[in-house]
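One structure is given here, and the rest of the page talks about it.
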Amino acid sequence: KDAKTDKDILYHLGYSNYTFELFIILHKRNCNGPFSHRSQYLAPVNLAFEEKFEDLDHYKQENNFKRCLSKLSLDDVKAAIKRAEIISSNNEKDKKVLMQFKGYKYYRDSPALSIHEAVKRVLLECGVL
């Protein structure tokens, strides 16, 4: 709120399920199945980035996460946006339960995300898309 009033900065929230890992995975591969716990993202992360992290805490260590990010290209980001749009479309088509919290809408069941919308908006404003 302070940034908006004092500095005239507008922020947009992007929802990425219970963890950010879903969007990271979508850069390299599809991830359409539901997970009951965020720890289940570890295997798809390891597959997507050809890693062998023991757990999500190891994956999230700064050097490890940066190594994964270094494996991403702009084409991977575009692919993640497309994959996320398909998930969102499928959620609407399948009439999954849409929740709302403090003005933000999200789907209760995984996979669900909206972080791709904010990333797409940035790429569009930069003229990349």
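Please read all numbers here as calculations on a predicted model, not as lab measurements.
Taking 4.5 Å as the limit, some side-chain heavy atom of Phe23 sits within range of a side-chain heavy atom of Val119.
Heavy atoms only, all atoms of each residue included: Glu54 and Leu42 are closest at O-CD2, 3.4 Å. Nearest approach of Glu21 to Leu56, heavy atoms of both residues: CG-CD2, 4.2 Å.
Taking CD1 of Ile81 as the start and CG of Leu129 as the end, the distance is 5.5 Å to the nearest 0.5 Å. Note that the CD1 atom of Ile24 and the SG atom of Cys31 stand 12.0 Å from one another [nearest 0.5 Å]. If you take OG on Ser88 and NE2 on His116, they are separated by 3.5 Å, rounding to the nearest 0.5 Å. Remark: His27 NE2 to Arg83 CZ distance equals 9.5 Å, nearest 0.5 Å. Considering CD1 of Ile25 and CG of Asn32, their distance stands at 11.0 Å, rounded to 0.5 Å. With rounding to the nearest 0.5 angstrom, the CG atom of Leu22 is 4.5 Å from the CG atom of Leu26.
Side-chain contact annotation: Ser73 with Asp76, donor-acceptor N/O pair under 3.5 Å present.
Clustering ILVMFWY residues whenever any of their side-chain heavy atoms sit less than 4.5 angstrom apart, transitively, puts Leu113 in a cluster other than the one holding Val122. Put simply, Val77 and Leu69 are part of the same group of oily side chains (I, L, V, M, F, W, Y) that touch within less than 4.5 Å, one to the next.
With hydrogens and angles disregarded, no donor-acceptor distance shorter than 3.5 Å links the side chain of Glu92 to the backbone of Ser89. At least one donor-acceptor pair under 3.5 Å links the side chain of Asp55 to the backbone N or O of Asp57.
The number of heavy-atom neighbours closer than 6.0 Å to NZ of Lys28, taken from other residues, nucleotides and ligands shown, is above 12.
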For residues 43-52, please give each side-chain donor-acceptor pair under 3.5 Å, one per line with the distance, not counting sequence neighbours.
{"from": "Asn46", "atom 1": "OD1", "to": "Phe53", "atom 2": "N", "distance (Å)": "2.9"}
{"from": "Asn46", "atom 1": "ND2", "to": "Phe53", "atom 2": "O", "distance (Å)": "3.2"}
{"from": "Glu51", "atom 1": "OE1", "to": "Arg67", "atom 2": "NH2", "distance (Å)": "3.0"}
{"from": "Glu51", "atom 1": "OE2", "to": "Arg67", "atom 2": "NE", "distance (Å)": "2.9"}
{"from": "Glu51", "atom 1": "OE2", "to": "Lys71", "atom 2": "NZ", "distance (Å)": "2.7"}

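Remark: Lys66 pairs with Glu62 by the salt bridge (Lys or Arg N to Asp or Glu O under 4.0 Å) rule, at least two apart or across chains.
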